[in-house]
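Notes follow the structure.
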Amino acid sequence: MTESKTMAKALNDGLRKAMEADPKVVIMGEDVGKLGGVFRITDGLQKDFGEDRVIDTPLAESGIIGTAVGLAIRGYRPVCEIQFDGFVFPGFDQIVSQVAKFHNRSAGLVKMPITIRIPSGGGIGAVEHHSESVETYFAHTAGLKVVACSNASDAYWMIQEAIADDDPVIFIEPKRLYHAAKSEIADAPTPMYQARVVRPGTHVTVAGYGPTMTTLAESAKAAADDGIELELIDLRTVSPLDIPTVVESVRRTGRLIVVHEAPHSFGVGAEIAARVTEQAFYSLEAPVLRVTGYDTPYPPSRLEHEWLPNLDRVLDAVDKIMEY
Amino acid sequence: MTESKTMAKALNDGLRKAMEADPKVVIMGEDVGKLGGVFRITDGLQKDFGEDRVIDTPLAESGIIGTAVGLAIRGYRPVCEIQFDGFVFPGFDQIVSQVAKFHNRSAGLVKMPITIRIPSGGGIGAVEHHSESVETYFAHTAGLKVVACSNASDAYWMIQEAIADDDPVIFIEPKRLYHAAKSEIADAPTPMYQARVVRPGTHVTVAGYGPTMTTLAESAKAAADDGIELELIDLRTVSPLDIPTVVESVRRTGRLIVVHEAPHSFGVGAEIAARVTEQAFYSLEAPVLRVTGYDTPYPPSRLEHEWLPNLDRVLDAVDKIMEY
Amino acid sequence: MSEHVHAIHPEPDMVQLLTPEGQRVEHADYPLEISDDDIAALYRDLVLVRRIDTEAIALQRQGELGLWASLLGQEAAQIGAGRALRTQDMAFPTYREHGVAWCRDVDPLTLLGLYRGTNLGGWDPGANNFNLYTIVIGAQTLHATGYAMGVVRDGAVGTGDVDRDTAVLAFFGDGASSQGDVNESFVWAAAGNLPVVFFCQNNQWAISEPVERQSRVPLYQRSSGFGFPGVRVDGNDVLACLAVTRKALDDARSAQGPTFIEAYTYRMNPHTTNDDPRRYRLGSEAETWKLKDPIERVRAYLTREARIEPSFFADVDAEAKKLAEHVRAGCRELADPTAESLFDSVYVTMPDELREQRDEFAAFVSEVGA
Amino acid sequence: MSEHVHAIHPEPDMVQLLTPEGQRVEHADYPLEISDDDIAALYRDLVLVRRIDTEAIALQRQGELGLWASLLGQEAAQIGAGRALRTQDMAFPTYREHGVAWCRDVDPLTLLGLYRGTNLGGWDPGANNFNLYTIVIGAQTLHATGYAMGVVRDGAVGTGDVDRDTAVLAFFGDGASSQGDVNESFVWAAAGNLPVVFFCQNNQWAISEPVERQSRVPLYQRSSGFGFPGVRVDGNDVLACLAVTRKALDDARSAQGPTFIEAYTYRMNPHTTNDDPRRYRLGSEAETWKLKDPIERVRAYLTREARIEPSFFADVDAEAKKLAEHVRAGCRELADPTAESLFDSVYVTMPDELREQRDEFAAFVSEVGA
Ligand SMILES: Cc1ncc(C[n+]2csc(CCOP(=O)(O)OP(=O)(O)O)c2C)c(N)n1
Ligand SMILES: Cc1ncc(C[n+]2csc(CCOP(=O)(O)OP(=O)(O)O)c2C)c(N)n1
Ligand SMILES: [Mg+2]
Ligand SMILES: [Mg+2]
């Protein structure tokens, strides 16, 4: 362990490292230059790497992704910033039909080493379209990888691994944790595409990723006070999923709760429930339960903390699953 | 039961009925006018209802959906045709951020009675982007309803119900069944948003929708030859799901297989597996199995029939689930 | 650029009818007959909407609003455009058109809910023919265009009946001009000769990006590429904005098709209350634009040239003060959303599974709240 | 239209250097020095690509291809544009640019896989600087634009080194001009002054929709709205297409930015082999265009005006026959995809779960196949 940083700073440092490591890395997006992005994640990078490598683009997401595809064909390694989760959709076609499919269309002859950073999730008191969780759309799309960081150290390492990855990566950044408590940066990364058990426990396995991990840590403490030991798994990668790590845990605990902010139905929790149930059918004492966003558009901010998976909702699910 | 029709004709008749019933119904899309659509589903409608009600639009899907939203605000009831499944993505933003959210944004004051028809799925020997199954993206989006017809009678009735619905409906049409065997049109509709048991059985419940239902019918016959009675459920509606019908069946059979062409991971099968397992935990003799498209882009047509859920793959799953 | 420039035009004059110094000037294409009383009424509008804006910013600072997008500097563009509308016309705003809302008789409190986080808009676009605010950049231009298709199908253009013929006014920013949706709306409007007017407030900035990032030619030229007229108007001149928009709306109503208006103006405040413009622009820029203030020039004109009541300015200020109180008090009274409200309008017909979620959530909220 | 048409231009002439009757004509902006041998070489190109097309259609009828998108009538546009490219330039085709592929030395068999259903393209865009076919209308124009951004960053424009300076040529259709992506690519190209040339083959139809559904003004005018030049060229005149594209590519390479070229031509065949144009257009239209055939005029010119080998035409026909045999025989030999190939290129690094699916599928296919 070395210094202590916010996630925002860790991402900024990670981006800087990636740009230093490979001159083909370019950052592109709305307001990523002088402003350093609305969240300041690219702060100072244009000043240090120039306008050719940190590009303030015109205001159009399809254009951002589509030109990134062209840059990738030319041998570049673009890092696209989508300003807020809800604004990825104008770029959806280029992501799903081009970024995800190009390598396969070319029979492996053209790589698409594109990283698409999406400040994601709710809890920041914002207006419509600024608090969404869009990971499921991409996880359901073959050809994309989807990862989510939940702490500064992962943020620092994972952004570098995502950029170095020759496959396209949707990089989910839990925006409400950008400036939350600082944490230390590990000396070396946990390999990407692996989940991590962040707290061992015996009674119930609880798996989450990205923004929900802080809620889960609190929940585990509260549950422990009631004598229930939660085993917490930070999935870190949504696609591919690291199911072996979850199954291993569930074989011990017999119970699994999956937590995410994205809407309940057809969400990540469903896939994990289906797969874990298939692989650990005889180990499960209870059905997999899900604590998620509801099947509504993201709510007006005055009720967002109630709507989001929160301590109370997680503990409710723990009670429920223990009753089986 | 009355006349016998192809699904294409049934849809055409259903659209005609809807246009006759409500002068606010307008059809819009690429080539829907003189050509009658590339699948001829709107054949003759422009001739009979005029260019103001059957609109050949410029070539841009976001424009098609976005102008439909404006027409809906003005009190119209647009029926948009997306030429092929893979071309819905340029319109994705307008669907997900506007069509799906507008009624909620307006606190219920503005309705979005928009039907988006998507000729879907594979098996027609087509090139890239012409054989995809996109329903999951929309099912995961709050504010949309998603239905799929699997036979001429449902096609005839469901398209009318979708258009009459004050909520936006994604209407999945299994394009490879458009001109498959004719079938009879029921005198009255099965209410939309209800699944239907299309073949009773005792050993395994198999649930599908849209294009897979013909495969399932064959599979049930083949399984019966081996003494295994499949109970087939045509889900008909993907969002909302009619889980009670599935659970009722599973309580009897103890086994469930879900079948769809869309990619496996984070697909409709996952949600059904998760929900049914939660609601019928103690009835299940085996985990819910899924027979689906693989987690790849849709393949070149020379291998599509192997790739798609087919008789062999379904029977394999039946064997597997019976072994639990 | 290369020499085969078949399609680049000389820059025409920006339409201006009132100079920054408050001088009335004439423009051959845009004659405007307007009484001093009507100019005074416009002055009142300008002052009042600025006051609403000022008050909203204050409310944001006090934590009563989560966010606010200020119109400061753009009052003339919005009032000029807004006052050109007839009752039956329909306006499609972005998130910044508080001045247009005012012209449509929308109570300013109506606009606050989404910025306070008590709702997502929640007003009836049909009540005042003012659409909900749209946050996804450019999306509303297609809605406006589709609405105009409906207008045509309703037979409400080109009849000559002034109370029937209807135009649609779509607002967007300089940044939005780059979005696919906006350009597609131009395609539709031109191909269908639709009664829609595209009103682009070029306030020089899209958050931190200057307009040069979006276009190397003046934006009003964009529409020429699609085959309909474009005009640049002094966006700080309420008279010019009124005249130009009125003409364009008249054309639209009389079935003469779309017009693109670029209102050349300046975003005097940060992009929103979240933004810090010191990171990307010089304060001196705003100083220069201050000399072109949209209100000062009307005040100068009225003071010098018009015969108005001596108490007029004081009366307007008093009214502004009252309005500010209304905004302040009303904002604090805006009710939080109920648990049920998050679910009740997702669909017209609520699916059973969503009803279950609603009931669970409502129970949870009342429990936690208790 | 209303009178304040600040931005509508008079229609300039369509650039033509060879009349339908085979007369050379001059154009002040596009002088073309070209030897008769070179014209003969173009003739050969035109004939050969037409022959590839004819053969592919036949193969589709015989069930050897699932589909084919014919270039009939558009040979001159594609050969003119394709022959204007230098080795280092990059072309971004739609699904119809078989003639451009030919100019890039792409074996026609390479193009057949996706139409036969044995692959999804599967060639290396870098091998001949010819991108994969793109089926989603308009998407490739953004790829071309992004590629041009890379060219600029590589310092490969405006150096004066003819082997280094690089241009990008993006193909699309009249229908595609309505797509948001295409217009966004104009925004990017103009704002960045990028070395990209937009080559629009206006073949009058987007499946069943005539170009009037997309635009009420000539398409070459579109770029003026974005601030870069547009030019209309006779798309059935290979010399004009060559000259105009060459000029535009030169401009691009020498850092003078983008150009829009509208090649005015006609889709003589159905949209694809699936289409039935009798439902939407008159056969007489094609008859008229037949008089403007892109090959006949070159043949007429060569016959009348040029000194070529007496055996020339027969030699080209013989070569075409051989090429047809190559296409015919090669097509039938195209291998079906292996089970593994469906999975192996989804990712560079295959996730474990996908490997499991692959192995399951491969086992299944070999079982069923056995
Ligand atoms: C599709 C989309 N992308 C990004 C954003 C984030 N965003 C909000 S306002 C804005 C700038 C808009 O600039 P402009 O169109 O000039 O309007 P202005 O705010 O200056 O009035 C951006 C990028 C958004 N709301 N929607
Ligand atoms: C985004 C998208 N929408 C629809 C289609 C279906 N489609 C294929 S070709 C075509 C018409 C294209 O017309 P144009 O751009 O003029 O090119 P042309 O085929 O005439 O060469 C359409 C609508 C598509 N491929 N992509
Ligand atoms: Mg702006
Ligand atoms: Mg065409």
Side-chain angles (χ1 to χ4, degrees), chain A residues 61-62 86-97 100-101 104-105 128-129 132 134-143 238-241 258 262-282 284 286-290 293-298 324, chain B residues 61-62 86-97 100-101 104-105 128-129 132 134-143 238-241 258 262-282 284 286-290 293-298 324:
Chain A
E61 287 74 11
S62 194
F87 307 136
V88 75
F89 299 121
F92 200 74
D93 176 57
Q94 285 284 351
I95 298 177
V96 164
S97 293
K101 296 190 171 61
N104 189 59
R105 184 182 302 148
E128 203 184 350
H129 313 292
E132 299 183 14
V134 297
E135 59 271 16
T136 327
Y137 297 109
F138 302 112
H140 183 57
T141 304
V238 172
S239 179
L241 278 168
V258 187
H264 184 83
S265 291
F266 309 90
V268 171
E271 181 62 30
I272 296 175
R275 252 192 252 179
V276 170
T277 305
E278 190 175 340
Q279 295 180 28
F281 189 63
Y282 297 113
L284 284 173
V288 178
L289 297 187
R290 297 178 274 170
Y294 292 98
D295 289 329
T296 72
Y298 196 84
Y324 273 85
Chain B
E61 287 75 11
S62 193
F87 306 136
V88 74
F89 299 120
F92 200 74
D93 176 57
Q94 285 284 351
I95 297 177
V96 164
S97 293
K101 295 190 170 61
N104 189 60
R105 185 182 302 148
E128 203 185 349
H129 312 293
E132 298 183 16
V134 297
E135 60 271 16
T136 328
Y137 296 109
F138 301 112
H140 183 57
T141 305
V238 172
S239 179
L241 279 168
V258 186
H264 184 83
S265 291
F266 308 91
V268 172
E271 181 62 31
I272 296 175
R275 252 193 252 179
V276 170
T277 305
E278 190 175 342
Q279 295 181 28
F281 188 64
Y282 296 114
L284 283 173
V288 177
L289 297 187
R290 297 178 273 170
Y294 292 98
D295 289 328
T296 73
Y298 195 85
Y324 273 85

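The chains referred to below are lettered A, B, ... by the order of the sequence lines, with proteins before strands, and numbering in each begins at 1. Because the structure is a prediction, the values reported are computed rather than measured.
Residues B:His140 and A:His140 fail the side-chain proximity criterion, which asks for heavy atoms closer than 4.5 Å. Between A:Val288 and B:Glu278, every side-chain heavy-atom pair lies at or beyond the 4.5 Å cut-off. Counting heavy atoms from C-beta outward, B:Pro297 and A:Arg105 have side chains that stay 4.5 Å or more apart. Between B:Phe266 and A:Leu241 there is a side-chain heavy-atom pair separated by less than 4.5 Å.
Most heavy-atom pairs under 4.5 Å with chain B, from the set A:Phe281, A:Phe87, A:Phe89: that is A:Phe281. Per-residue counts of heavy-atom pairs under 4.5 Å with chain B were compared for A:Leu284, A:Thr136, A:Val276; the largest is that of A:Thr136. Ranked by heavy-atom pairs under 4.5 Å with chain B, the list A:Ser265, A:Ala262, A:Ala274 is led by A:Ser265.
Contact annotation for A:Tyr137: both backbone and side-chain heavy atoms come within less than 4.5 Å of a heavy atom of chain B. Heavy-atom distances place the side chain of A:Ala273, and not its backbone, under 4.5 Å from chain B. Residue contact with chain B, scored on non-hydrogen atoms closer than 4.5 Å, involves the side chain of A:Tyr282 exclusively. In this structure, no portion of A:Ser62 lies under 4.5 Å from any heavy atom of chain B. No part of A:Val88 comes within reach of chain B, as not one of its non-hydrogen atoms sits under 4.5 angstrom from that chain. With a 4.5 Å cut-off on non-hydrogen atoms, A:Glu128 touches chain B through its side chain but not through its backbone. Contacts between A:Val268 and chain B at a heavy-atom distance below 4.5 Å involve backbone atoms as well as side-chain atoms. Only the side chain of A:Glu132 comes within contact range of chain B, with heavy atoms under 4.5 Å apart. For A:Arg275, the parts lying near chain B are the backbone and the side chain together; criterion is any non-hydrogen pair under 4.5 Å.
The NE2 atom of B:His129 sits 5.5 Å away from atom OG of A:Ser97, with the distance rounded to the nearest 0.5 Å.
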Derivation and outcome, side chain to side chain contact (heavy atoms under 4.5 Å, CB included), residues A:Glu271 and B:Glu271: CA-CA 7 Å; A:Glu271 181 62 30; B:Glu271 181 62 31; over 6 Å; no

